[in-house]
Amino acid sequence: MNQFKLDLHTVTPFIQAAAMLLLGWVVAHLIARLSRSALASRVSLHHRVLAERLIFWGILTLFVVSALNELGFHLGVLLGAAGVLTVAVGFASQTSAANVISGLFVIGEGSIEVGNIIQVGDVTGEVLSIDWLSIKLRTFDNLFVRIPNETIIKSNVTNLSMYPIRRADIQIGIAYHEDIGHARNVLMRVADRNPLCLDQPEPLIIMRGFGDSSLNLQFSVWALRENFLAMRNALQEEIKLAFDAAGIEIPFPHLSLYVGEQTKPLPIDIVNRNG
Amino acid sequence: MIKAMNQIPEIKWEAAQVPFNEWVGLDQLWLLMTSAAHEFSISYCYGEPKNPPWLQFTALTEMRFPITGPITATSRLSDRPVVARPNQPIHLPSGEHITLFVGTTLWLELTRGRDLLLDLPLARLSDTWFGPNTREGEVCYACPTHARLSMEGIAANPYKAITPVEIRNQADSPLVMDQFNLPVPYLALYRDDDRHWTSKVTITRTSADSRGEVKIATSAPPFCRSPVELSVPRRRSEGGMIHKALNLLLG
């Protein structure tokens, strides 16, 4: 039993190291929080979060090194061991390492920031954080989505918050017998009356082609990023009302049965319901 | 100014008394202010001046506040720059200068102490973008204007402020201008007997580089007789000068 007894000289460095780690965690946490509030009005949320993490991990690393030193480890030996360990861990966790490296590229590239609205594949949401392994999103239906950094690097990412203005492309069909010029005037008046539609860049009407049942038009209207959804919703309703008021038909699919000269007329049977 | 205490508050907008418990039309803005015990509420919506919108139940915004101190109503100018687009482009030969008169919509601001209760334009304003492309530029309000060259024929409008804009073309080439960016948030608002005025703006186009210079007068324009300052600028410029790329000033 005596061999399991620990004397005070053996235990003391461990207690000191543990105390140092605890102190380091508290100090790092406090300074990181202070830096966040100090930077609150000066830099964006994205840079604030980055600075907070750098400060936290930087201070904690210093305390960890001191704690290891307290336990009698030498930094040079540790770094050498860490190199060997890194190779071993790297082989064992290639995916995680790829995500960490990808995360550094995502942060360095600066194309995504915390608070941006991004679209990755079929997921659209607000960026909550950019972490070592993944980006966390909150979707508009309030779901939490975690996307690995490697996926972000490999796939197409659309940042909807990059520029202050956005264009809504509204597809409209009008009946073949309608006057395109008249429809164009009605659409421009609708855009003119909606205060959320930007005057400049001017709304654009593009003839998309001859559809099966309709002349297909694209009505492209610009709005401020924050008004985009409100403008697009209001505009579609206003277009329907304006077309109804102007007597412009929005057709549904039609199927015409044509009987040419070479064929006989379609036979019609009149059925007597009374038998 | 306005005082609102525990009894029915007395509200004045400039010299006019704003009645309580009835709809008031200020250009396109329709306001209904009511008060109950310790409470003050505002409902507003936009509609055509001769077509009261509450009959149509259009989007109505309602706000309620506790009455804890006097309320101040102030006429203000726009919180964003305004893009003035003359009906026809203006041609200005090299070395010439002209003065245009541009009318912009007034805003109504209600404050209680330092708290902002309401800050609204008296007419619904249309957003626009002013810049060389869709990446560089500035969000502004659009303002179709006659941009008249003299004050003759401009009827007094109690809901608009007139800005004298002097444009100087010091470049070697003539200037063809179909729109220009008016830095309204940097302007002060004045009033004389029958009109509202803003500080005079001078936009200079030089040939030296592609930067333009905007000078904002620190006093009322000479056209404003016996001026009374109604509100200070929303933003402060350094020494009344703003330097911008020319394509962010003239278009």
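What you see is a predicted model; the values in this text were computed from it and never measured. In what follows, chains are A, B, ... by sequence order, proteins preceding strands, each numbered from 1.
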Engineer: Within a radius of less than 6.0 Å around CD of A:E237, do more than 12 heavy atoms belonging to other residues, nucleotides or ligands occur?
Structural biologist: no
Engineer: Please indicate whether A:R33 has more than 12 foreign heavy atoms, meaning atoms of other residues, nucleotides or ligands, lying under 6.0 Å from its CZ.
Structural biologist: no
Engineer: Less than 4.5 Å apart, any side-chain heavy atom of B:T61 and any of B:I42?
Structural biologist: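 B:T61 vs B:I42: side chains apart.
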Engineer: Counting heavy atoms not belonging to A:R146, are there more than 12 under 6.0 Å from its CZ?
Structural biologist: yes
Engineer: Please indicate whether A:F105 has more than 12 foreign heavy atoms, meaning atoms of other residues, nucleotides or ligands, lying under 6.0 Å from its CZ.
Structural biologist: no
Engineer: Which pairs with one or both residues in residues 114-132 of chain A pass side chain to side chain donor-acceptor pair (under 3.5 Å), sequence neighbours excluded?
Structural biologist: A:R53-A:D131, A:N116-A:N159, A:S129-A:D131, A:D131-A:K136
Engineer: Considering heavy atoms only, which positions within residues 199-208 of chain A lie below 4.5 Å of chain B?
Structural biologist: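 Residues of residues 199-208 of chain A touching chain B at under 4.5 Å: A:D199, A:Q200, A:P201.
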